[in-house]
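The structure appears below as structure tokens.
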Amino acid sequence: MTTGCGRCGKKAVYVDPVTKQRFCGEHFSAWFEAGVSAAIEKYRMIEPGDRIAVGLSGGKDSTVLLTVLAKLDLEAELIPITVDEGIGGYRDDTILAATRLCDKLGLADKLVSFTDICGKTLDELLANDPRQACSVCGTLRRRALNQAAREVGATKIATGHCLDDEAQSVLMNYLRGDLTRVTGSFQTNADTLFLPRIKPLCRSTERETVAYGLVNRLLTDLPECPYTKYALRAGVRKGLGKLEYKNPGTMMNIVTGQEKLLAKLGPRGGEITMMGRCELCGEPTSHRLCAACALLERRA
């Protein structure tokens, strides 16, 4: 069996576990970028003239996302936005990595923090109950990113969620018994109030994303968020990772299976949940207070 790249014969640095294709660094990068481009086109994520707010944490996924978007001929403006949650011993290093990447790409990074929107760091908010870390962080991160994106006049928000994240979310909906999300049987007017979110890496695995970062020398050794141990997703991620290793293509089957299920169900009926504005901050919500303001009120 040859160990060379299937396209040029040079030393292979990556083997696709599903198709068994072998790639040298150059051809792997081109293959990965073509896959991202294909996903953007298939799901009509970006149109000429768009101003894309790119959520840039400084970690591997968002680093690869911004780098690839900057390389593709998208006819769209990229505006990196970094959210500082205020996590001791973790965030400073990733913010520095984000800043260095933006300098390299010639882009200006916009930095916003939890203290900007609620006057407290994540560490302070979780001082008495760190087990709620991911729920609290996710809610406030969405608020911070939405506000910052609107401030810079963005038309869409791009995040670095990859295929692994998408498959994990589908599986978590089943584990929670969330039939509404599993079947897509809900309708809202949210699209008219929120900036559309896009996920250009949605069909690229984490393994491919990391490999791209390594091949192109984009990644640095960064600490892991200390709160990940409390997340349900951590267990799902580990179990799904084992399945993918034993049966390559499992994650793609999960997400494409979900797409087929929704297509077979067709347009869903039922009541439309109308969203209004939060009484305190003006953010979209179907309740008196948005999730972020309700959370902060409970923790006041």
Side-chain angles (χ1 to χ4, degrees), residues 53 55 57 81-88 90-91 110-152 154 156-161 165 168-199 225-236 268 270-300:
S57 69
I81 297 177
T82 299
V83 178
D84 179 5
E85 304 93 344
I87 304 174
Y90 167 71
R91 232 345 162 193
K110 180 178 177 60
L111 179 66
V112 294
S113 70
F114 278 15
T115 53
D116 292 334
I117 63 173
C118 66
K120 292 183 179 181
T121 66
L122 183 63
D123 286 343
E124 291 169 341
L125 289 167
L126 298 173
N128 297 322
D129 189 8
R131 292 172 299 175
Q132 299 298 314
C134 292
S135 175
V136 173
C137 183
T139 298
L140 295 180
R141 275 182 60 84
R142 284 189 290 273
R143 157 83 76 83
L145 191 54
N146 284 335
Q147 289 183 343
R150 283 197 296 270
E151 288 173 3
V152 299
K156 293 170 184 172
I157 298 173
T159 60
H161 293 89
D165 300 310
Q168 291 159 21
S169 293
V170 172
L171 187 55
M172 287 168 66
N173 287 334
Y174 280 99
L175 293 175
R176 289 173 175 146
D178 192 341
L179 189 63
T180 297
R181 292 191 179 279
V182 167
T183 61
S185 56
F186 59 94
Q187 302 178 60
T188 76
N189 62 333
D191 288 346
T192 65
L193 300 175
F194 285 107
L195 286 176
R197 291 207 171 208
I198 60 174
K199 303 172 184 178
C225 175
Y227 295 114
T228 54
K229 60 186 176 184
Y230 298 110
L232 168 63
R233 186 177 290 269
V236 173
R268 307 296 290 161
E271 297 183 0
I272 297 178
T273 300
M274 297 300 293
M275 302 188 76
R277 296 287 182 178
C278 174
E279 292 181 5
L280 294 182
C281 71
E283 285 290 302
T285 180
S286 57
H287 303 286
R288 184 178 69 86
L289 299 180
C290 69
C293 284
L295 182 156
L296 294 173
E297 189 175 74
R298 293 193 300 269
R299 292 175 177 266

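Hydrogens, waters and symmetry mates play no part in the numbers below; they use all other heavy atoms, side chains included. For the single chain, residues carry numbers from 1 onward in sequence order.
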Could you check if a side-chain atom of E279 sits within less than 4.5 angstrom of a side-chain atom of C293, using non-hydrogen atoms only? no
Which atoms form the tightest heavy-atom contact between C290 and P284, and what is the distance? CB-O, 4.2 Å
Distance check, rounded to the nearest 0.5 Å: R141 atom CZ versus D84 atom CG? 10.0 Å
Closest contact, heavy atoms only, C278 versus T285: N-CG2, 3.5 Å
Would you mind reporting whether C118 and R143 have side-chain heavy atoms less than 4.5 Å apart? no
Indicate whether any N or O donor in one side chain lies under 3.5 Å from an N or O acceptor in the other, for T159 and H161. yes
Are the side chains of L125 and L296 in touch, meaning some heavy atoms are under 4.5 Å apart? yes
Heavy-atom closest pair, residues Y90 and P226: CB-CD, 4.1 Å
Interatomic distance, N146 atom CG to I81 atom CD1 [nearest 0.5 angstrom]: 9.5 Å
L145 and V112: side-chain contact (heavy atoms from CB on, under 4.5 Å), yes or no, with the steps? CA-CA 8 Å; L145 191 54; V112 294; over 6 Å; no
E297 side, atom CD; L280 side, atom CG - distance, nearest 0.5 Å: 6.5 Å
So, the side chain of R233 versus the backbone of D165: is there a donor-acceptor pair under 3.5 Å, distance only? yes
Just how far is it from atom CG of L171 to atom CD of Q168, taken to the nearest 0.5 Å? 8.5 Å
Please step through side-chain contact (heavy atoms from CB on, under 4.5 Å) for the pair L126 and L122, ending with a clear verdict. CA-CA 6 Å; L126 298 173; L122 183 63; 3.5 Å; yes
Within the structure provided, determine whether F114 and D123 are in side-chain contact (heavy-atom separation under 4.5 Å). no
If I compare all heavy atoms of T115 with all of S113, which pair ends up nearest, and what's the gap? OG1-OG, 2.7 Å
Any side-chain heavy-atom pair from R197 and R142 closer than 4.5 angstrom? yes
Close side-chain approach of R131 and D129, heavy atoms under 4.5 Å: yes
Contact summary for V83 and R91, nearest pair of heavy atoms: O-NE, 3.3 Å
Tell me if a side-chain donor or acceptor on S135 pairs with a main-chain N or O of Q132 at a distance below 3.5 Å. no
Mind listing the closest non-hydrogen atom pair of E85 and C137 along with its distance? CG-SG, 3.8 Å
